[in-house]
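Worksheet for the structure shown next.
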Amino acid sequence: MPTLESLTWLNRFVSETPGDSEIGGRSRQVPNACWSRVVPSPSPNAQMRMWSSEMAERIGVEYGGAETLGGGKPVAGMDPYAQRYGGHQFGNWAGQLGDGRAITLGEIESAHGVLELQLKGAGKTPYSRFADGKAVLRSSIREFLCSEAMHHLGVPTTRALSLVTSGEDILRDIMYDGNPAHEPGAIVCRIAPSFIRFGSFQIHTATGDVATLRTLVEHTVRSHFPNHSVKDDAGRIAWLSQVAEDTALMVAHWMRVGFVHGVMNTDNMSIHGLTIDYGPYGWLEDYNPGWTPNTTDSSTRRYRYGQQPQIAAWNLARLLESLVPLMDEPELLHGVLDAYTDAFDVHHNKMWADKLGLDHFTEDDESLVRELNTLLQEVETDMTIFFRLLCQIASPDVRYLLHAFYDTETVPTEAWNAWLNRWWSRVSGEPVRTSMLQANPKYVLRNWMAQLAIDAAHKGDYSVCEQLHSMLKQPYDEQPEHDEQWFQKRPEWARSKVGCSMLSCSS
Ligand code: AMP
Ligand code: MG
């Protein structure tokens with residue numbers, strides 16, 4: 001098996017779009033550019049801690065390369081750069097953002113198409129603004145484990161290849177409350193067809209640089225959407241409708257598995273409809289559509305679970321606005337938002353049909369789902385456990401579902417049995433259990449699970465990381481050996497612990 005050195009490295013983004021004439025340098029505005037060349041910062045003591053063997057096989061490399069994947073020793077053919085992009089953060093235009101702590105090493109040709117390898121946490125770039133360009137072990141474990149888990153759940157996502165600790169301590173104020181502490185540094189190598197975001201386009205329109213916008217659109221479509229052409233309005237609308245549909249599919253999957261991204265800023269929206277930038281994300285435990293894990297967003301909860309479909313549409317509208325200068329008839333762009341809504345509705349209905357084992361979704365089923373949503377919020381109820389137990393229920397009796405409730409004394413038994421009977425007669429006592437078992441995962445990466453893995457890793461023990469990495473490769477399979485520990489509701493200790501119920505963007 002080859003190593004990183006023996007791969008053929010491509011640098012299409014750098015060769016096909018305009019860039020910065022300076023290499024690296026201080027934090028600054030970089031007008032009229034899509035990227036800046038940078039030199040990653042080597043780790044003083046790079047140690048490989050986690051490795052995705054499937055991802056390695058996919059790109060055709062053998063285990064190793066900690067030095068390069070820790071920011072040192074770029075191999076021949078790599079032309080590392082940081083991407084320039086902008087974005088709307090929490091609803092407001094934030095201007096130039098860019099890869100402040102991400103550095104792309106290059107692209108490689110794989111059996112699965114061209115893939116970009118990017119280091120997260122390998123040091124400063126012109127887009128680092130006031131920050132250090134580094135990442136801590138805590139957030140790197142969260143990104144590695146969650147992106148791999150999402151892939152195995154069938155949710156479109158960027159992937160992870162490796163996690164390397166740098167041997168460096170990094171100062172972070174986790175809750176922004178004036179109590180900074182040192183944490184071990186780490187670098188994840190993540191992989192996607194590209195890391196182009198909605199904000200990658202927005203920045204050029206915002207600065208009036210239509211020529212660069214056009215070049216970037218042409219590069220993106222040529223490289224990543226080979227079935228599309230953007231030579232006229234019809235082509236542009238078809239391509240953007242594809243982006244809309246991919247985004248709708250991604251968000252429908254998030255809703256299905258109870259994932260809350262936490263920071264759906266337009267700079268965190270992949271043009272490929274992939275889940276990207278794992279920061280203060282979380283998983284619904286207690287079924288509460290108003291929940292967000294991100295404490296930075298606690299006042300308006302803009303990015304709460306139940307609002308993710310609407311936010312994706314809002315973000316898409318910002319992307320569409322940024323493409324107005326390329327359109328002969330900009331009003332045609334409205335059709336793309338319709339494409340999003342239509343696609344989301346189709347996926348969402350299919351999702352509910354699968355989650356509830358219906359053969360297909362009818363209009364009558366809408367009230368069945370609505371009533372279920374209300375009931376799930378009556379008392380604290382674990383989403384994952386509830387749906388998983390529903391797959392295996394022998395008769396319409398809430399007693400089969402008790403493990404999902406935090407307090408079995410307060411369960412509204414009559415209301416539940418009424419709903420269960422309604423559902424049971426809808427499926428004639430025969431829910432499509434195979435669909436249900438594929439739509440309702442048994443194991444997800446709850447925040448407290450990630451936190452236990454992090455706590456152990458901080459003591460040098462990566463066995464919990466490994467156990468979760470391995471278990472989450474088969475999230476739909478029964479793995480009874482793990483149930484006592486991981487098929488469980490949030491433990492009491494995690495209710496108000498930092499990193500479990502509360503997360504910040506600090507990473
Ligand atoms: P995020 O919230 O992770 O999407 O990051 C928003 C912006 O802040 C992006 O431009 C990041 O590159 C930048 N950023 C976040 N953390 C750091 C860091 N430690 N060093 C440099 N830039 C950062
Ligand atoms: Mg980001």
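Atoms within a ligand are numbered from 1 in the order they appear, just like the ligands themselves.
Other residues, nucleotides and ligands contribute more than 12 heavy atoms inside 6.0 Å of the CD atom of Q310.
For the residue pair R142 and N447, a side-chain donor N or O sits within less than 3.5 Å of a side-chain acceptor on the partner. N294 and T292 share no donor-acceptor pair across their side chains, judged by distance under 3.5 Å alone.
Listed here is the closest heavy atom pair of S194 and E116: CA-OE1, 3.3 Å.
Polar contact with ligand 1: present for K134 (N/O pair, distance under 3.5 Å). Considering backbone and side-chain atoms together, G100 places an N or O closer than 3.5 Å to an N or O of ligand 1. The shortest N or O to N or O distance between Q89 and ligand 1 is not below 3.5 Å. Checking only distances, G133 does come within under 3.5 Å of ligand 1, N or O to N or O.
The Mg ion (ligand 2) has no N, O or S atom of N265 closer than 2.8 Å. Not a single N, O or S atom of D267, from either the backbone or the side chain, sits less than 2.8 Å from the Mg ion (ligand 2).
Every atom of ligand 1 with a heavy atom of L97 under 4.0 Å away is listed here by number and element: 10 (O). Counting the atoms of ligand 1 from 1 in the order shown, those under 4.0 Å from a heavy atom of N268 are 4 (O). Close contacts of ligand 1 with D277, meaning ligand atoms under 4.0 Å from a residue heavy atom, involve 4 (O). Remark: ligand 1 atoms within the under-4.0 Å shell around heavy atoms of R172 are 19 (N).
Here the NE2-CZ distance, from H347 to R256, works out to 12.0 Å after rounding to the nearest 0.5 Å. The distance from the NE2 atom of H88 to the CZ atom of F198 is 13.0 Å, given to the nearest 0.5 Å.
Of the candidates G98, A94, A102, the one placing a heavy atom closest to atom 11 (C) of ligand 1 is G98.
Residue-level proximity to ligand 1 for D132 is carried by backbone and side chain together, each with a heavy atom below 4.0 angstrom.
Annotation: atom 8 (O) of ligand 1 to nearest protein heavy atom, R129 NH2, 2.8 Å. Atom 18 (C) of ligand 1 has A131 CB, 3.5 Å as its closest protein atom, hydrogens excluded (heavy atom only). The protein non-hydrogen atom at the shortest distance from atom 23 (C) of ligand 1 is R101 CG, 4.1 Å.
A salt bridge is defined here as a Lys NZ or Arg NE, NH1 or NH2 lying under 4.0 Å from an Asp or Glu carboxylate O, and D277 with R197 meets this definition. E67 and K73 are joined by a salt bridge, as a carboxylate oxygen and a charged side-chain nitrogen come within less than 4.0 angstrom of each other. Between R318 and D267 there is no salt bridge, since no side-chain N of the basic residue sits under 4.0 Å from a carboxylate O of the acidic one.
At a 4.0 Å cut-off, not a single heavy atom of K124 sits close enough to ligand 1 to count as contact.
Ring geometry, H228 versus F225: the interplanar angle exceeds 60°, so the pair is classed perpendicular (tilted spans 30 to 60°).
Looking at F90, W254, W291 one by one, the single match for ring-ring contact (aromatic ring centres under 6.0 Å, His included) with Y303 turns out to be F90.
The Mg ion (ligand 2) lies closest to atom OD2 when only the N/O/S atoms of D277 are considered.
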